[in-house]
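Encoded as structure tokens, the structure appears first; notes follow it.
A, B, ... follow the sequence lines: proteins, then strands. Residue 1 opens every chain. For the numbers below, each heavy atom of this structure counts, side chains included, while hydrogens, waters and symmetry mates do not.
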Protein chains: 2
Amino acid sequence: MKLQPCACGGIDVHAHVVPERLPDYLGAHMPALWPSSVEAPAQGGLCHRHVMIAGRQYRTISEKCWSTPRRLADLPGMGLKHQVISPMPELLSYWLAPADAQQLLRYLNEQTAAMVADSEGALLGLAAVPLQDIDLAIAELRHAVQALGLVGVELGSNVNGVPIGDPRFLPFFQACEALDVPVFVHALKPTGMDRLVGPAPLQQVLAYPSDVGLAAASVITANLLLACPRLRIGFSHGGGTLAMLLPRLQQGWQVFPALREQLQASPVEQARRLFFDTLVFDEATLRHLVERFGASQLMLGSDYPFAFHERAPAERVAAAGFDAATVSALLHGNAERFLGLPHTETQR
Amino acid sequence: MKLQPCACGGIDVHAHVVPERLPDYLGAHMPALWPSSVEAPAQGGLCHRHVMIAGRQYRTISEKCWSTPRRLADLPGMGLKHQVISPMPELLSYWLAPADAQQLLRYLNEQTAAMVADSEGALLGLAAVPLQDIDLAIAELRHAVQALGLVGVELGSNVNGVPIGDPRFLPFFQACEALDVPVFVHALKPTGMDRLVGPAPLQQVLAYPSDVGLAAASVITANLLLACPRLRIGFSHGGGTLAMLLPRLQQGWQVFPALREQLQASPVEQARRLFFDTLVFDEATLRHLVERFGASQLMLGSDYPFAFHERAPAERVAAAGFDAATVSALLHGNAERFLGLPHTETQR
């Protein structure tokens, strides 16, 4: 089937799920950061729940987080044929003891797989893994892919403050490469919180893109794609601030002997092998990202169904003034390559 | 005189000085972070000195940092008619006791004024002030402007970790407004250092733009230009990451009630009243900054004479494909407005 470059048939690689119920802790002493959820007042005809962490309401979520039929009903209006679902990042639980995290993440992975199974092919799922323990993370990834049918993995931009490019995570990325599954890196517990002046949402608004930008830069400065040449790795929020960091990194690599020695290939060249979502809320920025990273590296991202999500990710791409081949690549072609799916069209 | 849009006649607002000698500490117990400088081996026919902080070599600098004739000889080749000089930011000394900092900064301001006086009108100087003590900072600014003839002030992007938009600094900005002098904000002691994977220059390369981007965002989220409508404030390194943060901040302002309440004007509208230098090492990024912030808000910046500086700031602008009016504005017209100088041409 050859798709027209319309704002339809899209694949959204950045959308989240939260199960209706979170599991009880099975051990003797529940960790303080073990999450739970409680019923909240309905709003707009939708059931809601509060996700509770450390005794406080972390976020109030609607049934769109867990109801597959609700979600499927929203996809056509967003121009989507497929959506890749991953846990709300705050559930990734790198801060729990590894065995505790693994228990929680196994439950999340099973719930994600159940939503995928209910979706008649519309949804694909990303696994969550306890990356604070590399071996356990690899084991959970294998289970999620081989037993549960998930198609890739969601990682935080840092693991307890250590950026994802740090060499300690290399064995995990090698396992992803061996399993031939993509990695989607999402901002989480960001740096720079002490540089914000204003209310709590600035964490998501300003610190998230800063953290994911530095995470993407860390993958470049650590030469990850030279160590794992077949790895497919994508970054949330359009790569955050990376587009502004990259020319300076390129210049620094040319000027500083220590950087010249560290980076085994040009930063620009390495960056153009990374994937990024389109979640930037602005057409001019989309055009700049395409110029910066290449038309082959951007994929739809919506952050559905949270309040701060892109309502019309496919329309945003269609409105940016790209040629038909680029629109098609951004809507689904690049995501198909990232996810390892068969291509639905010939243009590229 | 009407200038042609050639890569000449430029005004560089981002260039640094370090005096050949740093002053002895006058008190009884020298603070550990009091800087000094010692002779270093000559290189390339230029005298060099090591700047020492806490007993370690912070940076090795050449006589271009302190020799006015050397500097003036370099300006034509960079397409510059004027350069605005400011202290190497690591000398801003916010981390010293206020009286100690004031002693050091007074010396720096006098040295800057002496270079300006030796330059036959080619150089203009920015003051350094002990912003860890607002009253002392205002007093030093008054002295630097009224007695020493400096034309503005250089601030760090944060003062001991507090971003420059924090309301505690408002009286200082009101003083700048009352004195009708511009503020140039430079990255300093950046956040995100724990997110870097690689050698020390990544601080300048990646963390500096991240910090100055968050500093510029803090000025927006704090509504600084609404409180000080006549303040002229510019940011180093093209505003760092702000260009990538801004669309998300705009969307967040539309979505989150708490942000809607906090920000008294649209983030995009506020951002387009800030000034930025052109120090981004890339023509595509320059074009994006002009689209993002407006052709009226960018001014040449070089970071001369450090190793990681832009050799041809005016040529970079001339090569970016702007129309003649934009080239003229970026080369000097915007800097003239920022600095409060008479305009040298009619195009705008």
What option among Met193(B), His288(B), Gln262(B) has the most heavy-atom pairs under 4.5 Å with chain A?
His288(B)
Under 4.5 Å heavy-atom distance to chain B, tell me which part of Gln204(A) shows up: side chain, backbone, both or neither.
both
Count the heavy-atom pairs under 4.5 Å between each of Ser210(B), Gly165(B), Gly239(B) and chain A, then report the option with the highest count.
Ser210(B)
Show the nearest heavy-atom pair for residues Met244(A) and Thr241(B), with the distance to one decimal.
CB-CA, 4.0 Å
Which one of Leu245(A), Leu246(A), Ile220(A) satisfies the side-chain contact (heavy atoms from CB on, under 4.5 Å) criterion with Leu206(B)?
Leu245(A)
Heavy atoms of Thr191(B) and Arg195(A) approach each other most closely as N-NH2, 3.4 Å
Quick check: does any side chain N or O of Ser218(A) sit under 3.5 Å from a backbone N or O of Leu196(B), one acting as donor and the other as acceptor?
no
Within residues 156-164 of chain B, which positions have a heavy-atom distance to chain A below 4.5 Å?
Asn158(B), Gly161(B), Pro163(B)
For Ala40(A), check side-chain contact (heavy atoms from CB on, under 4.5 Å) against everything at least two apart and list the hits.
His48(A), His50(A), Thr60(A)
Using only non-hydrogen atoms and a strict under-4.5 angstrom cutoff, which residues of residues 248-260 of chain A touch chain B?
Arg248(A), Leu249(A), Gln251(A), Gly252(A), Val255(A), Phe256(A), Ala258(A), Leu259(A)
Is Leu289(A) in contact with chain B via its backbone, its side chain, both, or neither, using a 4.5 Å heavy-atom distance?
side chain
What parts of residues 267-282 of chain A touch chain B if we use heavy atoms and a cut-off under 4.5 Å?
Val280(A), Phe281(A), Asp282(A)
Rounded to the nearest 0.5 Å, the CG atom of Asp194(B) sits from the CG atom of Leu214(A) at a distance of 9.0 Å
